[in-house]
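One structure below.
Numbering starts at 1 and runs along the sequence shown. All values below come from the heavy atoms of this structure, side chains included, with hydrogens, waters and symmetry mates left out.
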Amino acid sequence: SSPDDNESIIGGTVAVRGSALSPYFENYKLYYSSESVPGYWNFISSDTVSVDNCLLGIWDISLLADGDYILRLEVNSSSSTGEARNYIKIDNPPLPPSDITAADTASDEGGSITVTWTKSGDDGSGNNDVAEYRIYRSMISGSYNYSSYVSVSSGVTSYIDSSGLT
């Protein structure tokens, strides 16, 4: 099955694969639940066709909070119901900052550039998993040949660059 039990997954959509087989098979249903709210099962997919190591459903995790989740596959037959569970850890990447601007710093006679931004929704709230912001810079106008320039801590929303200006 995929994802594997105790696997960590990152963002986007996940192809859930496995087998739903049973004598007198009727259907299968695929659900997920957050371990923080056990017992509340969210529907992912179902089918009336049995499958053997095939796609069971597509699970969109892009809007789910980071944390521990349970995938539950329920297989129904005319005589019984069985289930299998996999425990999954979701670790989505942090949201990017927004409203990024770079402008000449006021009152320093062109000696520096101030870069400002609105912090990520995951900086101090949301998943709260922003460790730092990385500021990249190109020394050639119009070039996309960026090099790593500086890192600033989470919670910071500006940086003044006073080096390398000509």
Side-chain angles (χ1 to χ4, degrees), residues 1-18 29-47 53-73 85-166:
S1 65
S2 173
D4 292 329
D5 202 22
N6 297 313
E7 182 175 349
S8 290
I9 51 180
I10 300 173
T13 58
V14 176
V16 180
R17 300 180 60 85
K29 297 175 184 174
L30 185 62
Y31 302 92
Y32 76 91
S33 177
S34 168
E35 283 194 349
S36 64
V37 187
Y40 181 79
W41 295 101
N42 300 278
F43 179 78
I44 299 173
S45 66
S46 67
D47 205 328
N53 196 27
C54 293
L55 182 68
L56 296 167
I58 302 293
W59 183 23
D60 183 358
I61 65 168
S62 61
L63 299 178
L64 295 179
D66 289 359
D68 296 320
Y69 290 81
I70 305 166
L71 278 174
R72 182 181 89 185
L73 175 63
R85 296 182 182 198
N86 275 12
Y87 295 82
I88 309 298
K89 180 175 219 43
I90 293 177
D91 186 13
N92 287 309
L95 296 169
S98 60
D99 305 319
I100 301 168
T101 62
D104 181 42
T105 304
S107 304
D108 78 345
E109 300 176 16
S112 64
I113 295 172
T114 299
V115 181
T116 61
W117 58 90
T118 300
K119 66 182 184 174
S120 162
D122 289 329
D123 184 347
S125 61
N127 288 326
N128 197 24
D129 57 357
V130 173
E132 65 183 9
Y133 294 97
R134 295 179 185 160
I135 300 167
Y136 293 84
R137 171 183 177 178
S138 175
M139 297 299 288
I140 303 168
S141 178
S143 169
Y144 293 102
N145 185 13
Y146 298 105
S147 59
S148 181
Y149 187 67
V150 70
S151 296
V152 296
S153 299
S154 61
V156 174
T157 59
S158 66
Y159 174 74
I160 297 176
D161 178 3
S162 58
S163 65
L165 298 179
T166 55

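- Between L55 and R17, the shortest heavy-atom distance links the atoms N-NH1, 3.9 Å.
- Checking S112 against S162 by side-chain atom types alone, no donor-acceptor pair falls below 3.5 Å.
- Looking at N128, its side chain does come within 3.5 Å of a backbone N or O of G124 through a donor-acceptor pair.
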Query raised in the report: Given N86 and Y69, is the side chain to side chain contact (heavy atoms under 4.5 Å, CB included) satisfied, shown in steps?
Result: CA-CA 8 Å; N86 275 12; Y69 290 81; over 6 Å; no
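- One finds the CH2 atom of W117 at 4.0 Å from the CD1 atom of I135 (value rounded to the nearest 0.5 Å).
- Of all the heavy atoms in S158 and T116, the pair that sits closest is CB-CG2, 3.8 Å.
- Contact detail for S154 and V130: the closest heavy-atom pair is CB-O, 3.2 Å.
- Of the options I44, I58, D47, a side-chain contact (heavy atoms from CB on, under 4.5 Å) to L30 is made by I44 and by none of the others.
- Residues meeting the side chain to side chain donor-acceptor pair (under 3.5 Å) test with D66, sequence neighbours left out: N127.
- In this structure, CZ on R85 lies 6.0 Å from CD1 on I70, to the nearest 0.5 angstrom.
- Note that CG of D60 is 6.5 Å distant from OG1 of T13, once rounded to the nearest 0.5 Å.
- In this structure, T114 OG1 and D104 CG are separated by 8.0 Å, a value rounded to the nearest 0.5 Å.
- In this structure the side chain of Y133 never reaches within 4.5 angstrom of the side chain of I100, judged on heavy atoms.
- The backbone N or O of D99 sits nowhere less than 3.5 Å from a side-chain atom of T118 that would complete a donor-acceptor pair.
- By the 4.5 Å heavy-atom criterion applied to side chains, Y149 and Y136 are not counted as neighbours.
- Identified under the side chain to side chain donor-acceptor pair (under 3.5 Å) test for residues 35-44, with sequence neighbours left out: S34-S36.
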Requested in this report: Check the pair E132 / S151 against side chain to side chain contact (heavy atoms under 4.5 Å, CB included), numbers first and verdict last.
Outcome: CA-CA 6 Å; E132 65 183 9; S151 296; 3.6 Å; yes
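- Rounded to the nearest 0.5 angstrom, Y159 OH and R137 CZ are separated by 8.5 Å.
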Requested in this report: Could you please spell out the steps behind the side chain to side chain contact (heavy atoms under 4.5 Å, CB included) verdict for L71 and V16?
Outcome: CA-CA 9 Å; L71 278 174; V16 180; 4.3 Å; yes
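- Taking every heavy atom of both residues into account, I61 and N92 meet most closely at O-ND2, 3.4 Å.
- The minimum heavy-atom distance linking I113 with A102 is given by the pair CG2-CB, 4.0 Å.
- Atoms CG and CG, on D91 and D129 in that order, are 6.5 Å from each other to the nearest 0.5 Å.
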